[in-house]
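Here is the structure we will look at.
Numbered from 1 within each chain, the chains take letters A, B, ... in sequence-line order. Since the model is a prediction, treat every value here as computed from it, not as a measurement.
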Amino acid sequence: MKLPKVYEPGQYESDIYALWEKSGAFRPTDSDKHFSIVMPPPNANGNLHIGHGLTLAIEDVMIRHHRLKGESALFVPGADHAGFETWTVYEKELAKQGKSRFDFSREQLYEQIWDFVSLNKGNYQQQFRQLGASVDWEHYTYTLDEKVVKQAHATFRKMFEQSLIYRAEKLISYCTFHGTGFADIEVTHKEEQGHLWYITYPLTDGSGELTVATARPETLFGDAAVAVHPDDKRYSKFLGKTVKLPLTNREIPVIADDFVDPKFGTGAVKITPAHNQTDFEVGKRHDLPMIRVINSEGFINTDMPEAYRGLTVDEARERSVADLKEQGLLVKTEAIVHSVGHCYKCDTVIQPLLREQWFVDMQTLVKPAIAALKANKISFQPAAKQQQLITYFENTRDWNISRQIAWGIPIPAFQNVDEPDDWIVDERVAEEFLQVGDKTYRRDPDVFDTWFSSSSWPYATLNFPDGEEFKKFYPLSVMESGHDILFAWVSRMIVFGLYNTGEVPFTSVYLHGMIQDEHGQKMSKSKGNVVNPIEKVLQYGSDAFRMGIIADETAGANRPYDESKLVGARNFANKLWNIARYIESLVGDVTEREAPKSQSAADHWVLGKLQQTQERLTKQLDSNRLSEAYDTLYHFVWDDVADWYIEASKAQPNLPLLMHVLESTLLLAHPFAPFLTETIWQTLAWEQDSILAKRTYAEPLDFSKQQMANFTEIMTIVSEVRLILNSLKASGVTLHYTDAPFITDNAASIKQLTRLRAVVEAPSGTGLSLTSTKHKTWLDIDQATAAAYVKDLEEQGTKQAAAIKQLEGRLANKGYVANAPEAIIAQTKAQLTEAKQVLENIEREKLRFS
RNA sequence: GGGUGAUUAGCUCAUUUGGCUAGAGCGCCUCAUUGACGUUGAGGAGGUGAGAGGUUCGAAUCCUCUAUCGCCCACCA
């Protein structure tokens, strides 16, 4: 088959993927060794972004590698309904149509979003294929598939029955724009310029006054007390008395509590239990009333003083400051920088609001997870994440899982319409009301935090508890994900996995970093600096995208996008293509293969390199060092195979061996360049099947170490000759040598590699002797031309002398000789001997020409 | 406030139990070349490994401090 000069990926990729899919090659085999990855499901509300491209590239390299190790590999694809994320995307869609969520019922919204997401799910599947993801489509799972929903409901029921999920009225982080509560982890804290207002609270008995400092004067209407530190002498006389709350004249007590920092502000703190987390705790300790000032839309409540009702928080703040000032109760205003919680989507300031929600008792659930992590049941890349996760677990608080949005999995809980504290769990969430005996129950209108259901992803996808997949592939071999969702997702999968299955859900975690734009800025649609992976696939080819994006990959590290890496990978793909093109042009239409047999030193050498590379690559891929593995492959293919072996072989081509090298190389390259290697494989006249049918890397062939060393020496000679010819601009030169049979055997290769006129054995002669070999070799360059080389020789001599001095110094060091391992010392000695030999040669040459 | 990561060639980054002359890609310079490939080949320049100190026979690697940048977590009003 005749191949075109340049590899054009676009012409082959979709056909190749179709071929794979048809052949069922992505399904697990019956091998006893299992390897499994479940894809972190992309949010089905848009297109894949560069992070997904990276994720799929990493995971697919892993899975293809393990397949080629003969293991039964399962790669499960999926898509995420992504509750709140999709909700915000859809709200923007609605806004484009001039509508909002208030124009529809929850049921209508749910249906509309369902359709919206269905479109995108289709996109994704197409894009996974374009990226070459060798996923098992039969296991494709959507997070609203019945099995996932069932698992979420089952988890809820189990936890509810074990009192690990409870209903409580607590302060939660609430976004008044989106109209929903959040988990703590979803709030973004930002340092902001603010003010500290010092406000006077007069004692009710008229005996004096207190000054409190607050950043939120508008919450004053919800004050339930003023707190001071119990040991603060300044305030001891106020304890037990009451103060009159400005602007309303309500009486509140002065209390003592340890949490107060006497050095901050005035040392007296207003306590607003319904709008501040700390104050909430204080309120509970002192049994204070919880007065709600702000409602869930972010306005001042209707039972507040008339002038404030319906104002926004900002308006109420401004007004309260003005009013206090007018009444002479504002002592001073101080500028401060403090941390303020924001909605991570819309940046609205988060309000701590009192609400009744479902909470997961994390303190209890986290214990087995901490134990598992401490027992190293899960290995982490980067390793530091393990301890970070333990620390996170140790400090985690109960998890609010109720979301007041339409899009998500309904919480299977029903409330007795007559007795609010009477809740039952029931999976019939399609019903709004349930009749149990003479009681009527109404479904909780809320849906789950998406992460609640995705916490069961590793086994829900494997048909827990009875699925064959679960039995074979759980725990997963690797959980590969972005480091940004370590806490939100990875942590909870561990907790839930242990809770539901009694086992860790995966035995290793690989976290990749974020790809930033070329200037190191975070990529975002609003900044307009996003890179579309599919565009890059179309531009450079899927394999080039994959290799280019992996070329810089280090676990956990963020890094800028570097398009030159993609270009380099595209060139690399083309190099491999041309290696195949050359070998196939020699082989012709031969459909039968002779057993490969090495003849030349180069043959032995390339087999040795092949074996080394295979070992190294396997080791690197086994330990997920993908960029190193790619580097290994790159240099083997380009330097060893193309630039040395093929060039050398042109003098005496060994066809069966070239064929063997090509096949072995294609297999090694396959995890990195699946499309290309398969495309080439399809053109091999002597191979009928898909490369995927191989299911194992090539068997290494025997080679002679002596012959390999001979070729290494030839390489040294070639390099020196090239250097000299380059330096002297000499041409038509002949290399003479004495007493080196292996040079005779490889004379043609040397000639080919150096473009010398000839390589000839001769008993003796004059000319420019090579200094890098112990064999007697010389170039027939005349004295005058060669003299110009003396300058180069001098430089080399200086370098060698310095190296010798260093090596000698090392060996003269008693501590070194006494303490260093023998192998290292032997190595140093060998280096010294060689360096001395080379220097001697150089000196001799210098003498002859100067 | 508490953690944590980084700082290596012009640029982007590697270097895993401390031990070859600290590497790669891109860029740069010189040269080559009509049958595998210009998405090529050969050769080359370029680094006191952020700074200071310490441990060690030996440090980019371990320890301490300093500087700069980044990330994560946090209920100080």
Side-chain angles (χ1 to χ4, degrees), chain A residues 3 5-7 171 184-185 189 196 212-216 227 259-261 264-266 268-272 276-282 336 338-339 341 352 382-385 387-388 391-392 395 397 483-484 486-487 513-514 518 520 540 544 548 551-554 556-565 567-586 623 625 627-628 631 634-635 642-643 646-647 650 718-719 722-723 725-727 729 731 753-755 799 802-803 806-807 810 813-821 823-825 827-828 830-831 835:
Chain A
L3 305 185
K5 251 180 162 179
V6 170
Y7 174 56
L171 264 199
D184 297 334
I185 201 173
H189 292 272
L196 207 51
V212 302
T214 180
R216 300 201 57 188
F259 97 93
V260 180
D261 175 2
F264 189 92
T266 62
V269 192
K270 67 193 259 322
I271 302 298
T272 321
N276 176 292
Q277 189 63 45
T278 315
D279 295 2
F280 178 75
E281 308 289 337
V282 176
I336 54 160
H338 60 160
S339 171
K385 298 289 176 185
Q387 187 50 50
Q388 277 180 39
T391 308
Y392 174 76
N395 297 310
R397 304 194 314 162
H483 72 19
D484 55 332
L486 172 64
F487 297 142
M514 304 293 111
E518 52 192 334
Y540 297 108
D552 262 350
E553 169 59 21
T554 313
N558 293 346
R559 61 197 157 94
Y561 172 74
D562 184 355
E563 184 137 339
S564 76
K565 292 288 194 307
V567 174
R570 191 259 331 249
N571 296 352
F572 176 58
N574 193 57
K575 191 74 190 178
L576 198 47
W577 176 257
N578 274 288
I579 287 170
R581 192 162 98 97
Y582 172 70
I583 293 176
E584 288 189 58
S585 73
L586 292 183
S623 48
R625 284 143 72 168
S627 61
E628 280 180 49
D631 193 67
Y634 183 96
H635 287 104
D643 290 342
I646 289 187
E647 286 308 314
K650 280 178 181 171
V718 166
S719 294
R722 283 169 173 173
L723 191 71
L725 296 186
N726 235 306
S727 169
K729 313 259 176 288
S731 60
L753 290 163
T754 52
R755 300 193 182 275
K799 269 191 200 164
Q806 199 188 3
L807 292 167
R810 204 180 289 172
N813 184 333
K814 279 181 198 147
Y816 177 71
V817 179
N819 296 317
I824 298 283
I825 293 173
Q827 188 185 312
T828 308
Q831 280 166 5

Rounded distance (Å) that lies between atom [atom2] of [N] and atom [atom1] of [X]:
{"X": "A:Ile646", "N": "B:G35", "atom1": "CD1", "atom2": "C1'", "answer": "15 Å"}
{"X": "A:Glu628", "N": "B:U16", "atom1": "CD", "atom2": "C1'", "answer": "9 Å"}
{"X": "A:Asp643", "N": "B:A36", "atom1": "CG", "atom2": "C1'", "answer": "12 Å"}
{"X": "A:Met514", "N": "B:C72", "atom1": "CE", "atom2": "P", "answer": "10 Å"}
{"X": "A:Leu3", "N": "B:A36", "atom1": "CG", "atom2": "C1'", "answer": "10 Å"}
{"X": "A:Asn726", "N": "B:U30", "atom1": "CG", "atom2": "C1'", "answer": "8 Å"}
{"X": "A:Lys385", "N": "B:C72", "atom1": "NZ", "atom2": "P", "answer": "10 Å"}
{"X": "A:Asn574", "N": "B:U40", "atom1": "CG", "atom2": "P", "answer": "8 Å"}

* Measure across A:Thr754 and A:Val718 and return the closest heavy-atom pair with its distance rounded to 0.1 Å. => CG2-CG1, 3.7 Å
Could you measure the distance from the [atom1] atom of [X] to the [atom2] atom of [Y]? Nearest 0.5 Å is fine.
{"X": "A:Asp184", "Y": "A:Phe487", "atom1": "CG", "atom2": "CZ", "result": "13.5 Å"}
{"X": "A:Asp631", "Y": "A:Ser627", "atom1": "CG", "atom2": "OG", "result": "7.5 Å"}
{"X": "A:Lys650", "Y": "A:Tyr582", "atom1": "NZ", "atom2": "OH", "result": "5.0 Å"}
{"X": "A:Leu486", "Y": "A:Tyr392", "atom1": "CG", "atom2": "OH", "result": "9.0 Å"}
{"X": "A:Asp279", "Y": "A:Phe259", "atom1": "CG", "atom2": "CZ", "result": "5.5 Å"}
{"X": "A:Leu753", "Y": "A:Asp643", "atom1": "CG", "atom2": "CG", "result": "10.0 Å"}

* Could you encode protein contacts along nucleotides 2-8 of chain B as a string, one character per nucleotide from 5' to 3', using B for base contact, S for sugar-phosphate-only contact and - for no contact, with a heavy-atom cut-off of under 4.0 Å? => --S----
* To do: Would you give a per-nucleotide map of nucleotides 17-27 of chain B, 5' to 3', where B means the base has a protein non-hydrogen atom under 4.0 Å away, S means only the sugar-phosphate does, and - means neither?
  => --BBS--SS--
* In terms of ring plane angle, is the pair A:Trp577 and A:Tyr7 parallel, tilted or perpendicular, where the classes change at 30° and 60°? -> tilted
N/O-N/O pairs, protein side and nucleotides 46-48 of chain B side, under 3.5 Å:
none

* Asked: Do any side-chain nitrogens or oxygens of A:Arg559 fall under 4.0 Å of OP1 or OP2 in B:C13?
  -> no
Can you tell me whether the side chain of [X] and the base of [N] have a donor-acceptor pair closer than 3.5 Å?
{"X": "A:Glu647", "N": "B:A42", "result": "no"}
{"X": "A:Lys729", "N": "B:A32", "result": "no"}
{"X": "A:Lys814", "N": "B:C57", "result": "no"}

* Exceeds 12 heavy-atom contacts within 6.0 angstrom, atom CZ of A:Arg559 -> yes
* Asked: So with a 6.0 Å cut-off around CD of A:Gln827, is the heavy-atom count from everything else above 12?
  -> yes
Side-chain donor/acceptor of [X] to backbone N/O of [Y], under 3.5 Å:
{"X": "A:Arg570", "Y": "A:Gly548", "result": "no"}
{"X": "A:Asn578", "Y": "A:Lys5", "result": "yes"}
{"X": "A:Asn558", "Y": "A:Met514", "result": "yes"}

Distance check, [atom1] atoms only: [N] and [M], in whole angstrom units.
{"N": "B:U8", "M": "B:G47", "atom1": "C1'", "answer": "7 Å"}
{"N": "B:A52", "M": "B:C57", "atom1": "P", "answer": "23 Å"}
{"N": "B:G23", "M": "B:U16", "atom1": "C1'", "answer": "16 Å"}
{"N": "B:G1", "M": "B:G46", "atom1": "P", "answer": "46 Å"}
{"N": "B:A9", "M": "B:G5", "atom1": "C1'", "answer": "23 Å"}
{"N": "B:G58", "M": "B:G19", "atom1": "C1'", "answer": "7 Å"}
{"N": "B:G18", "M": "B:G2", "atom1": "P", "answer": "31 Å"}
{"N": "B:A77", "M": "B:A14", "atom1": "P", "answer": "38 Å"}

* To do: Evaluate the criterion side chain to side chain contact (heavy atoms under 4.5 Å, CB included) for residue pair A:Ile646 and A:Ile583; output intermediate values, then yes/no.
  => CA-CA 9 Å; A:Ile646 289 187; A:Ile583 293 176; 4.3 Å; yes
* **Where RNA chain B forms stems, i.e. three or more consecutive Watson-Crick or G-U pairs with both distances under 3.5 Å** => B:1-7 with B:67-73, B:10-13 with B:23-26, B:28-32 with B:40-44, B:50-54 with B:62-66
Please classify the nucleic acid contact of [X] as base, sugar-phosphate, or nothing, using heavy-atom distances under 4.0 Å.
{"X": "A:Lys575", "value": "base"}
{"X": "A:Ala642", "value": "base"}
{"X": "A:Arg570", "value": "base"}

* To do: Assess whether side-chain hydrogen bond (donor to acceptor under 3.5 Å, both in side chains) is satisfied between A:Arg810 and A:Asn813, documenting all intermediate values.
  => CA-CA 5 Å; A:Arg810 204 180 289 172; A:Asn813 184 333; over 6 Å; no
* Residue list, ring pair (Phe, Tyr, Trp, His ring centres under 6.0 Å) with A:Phe280, at least two apart or on another chain -> none
Show the distances under 3.5 angstrom between N or O atoms of the protein and N or O atoms of nucleotides 73-77 of chain B.
from	atom 1	to	atom 2	distance (Å)
B:C75	O2'	A:Thr278	OG1	2.5
B:C75	O2	A:Thr278	OG1	3.0
B:A77	N6	A:Asp261	O	2.8
B:A77	N6	A:Phe264	O	2.7
B:A77	N1	A:Asp261	N	3.3

* So is A:Lys575 actually on top of A:Tyr634's ring, under 6.0 Å and inside 45° of the axis? -> no
* Does any non-hydrogen side-chain atom of A:Arg397 lie less than 4.5 Å from one of A:Gln277? -> yes
* **Nearest-nucleotide 5' precedence on RNA chain B, A:Leu723 against A:Thr554** => A:Thr554
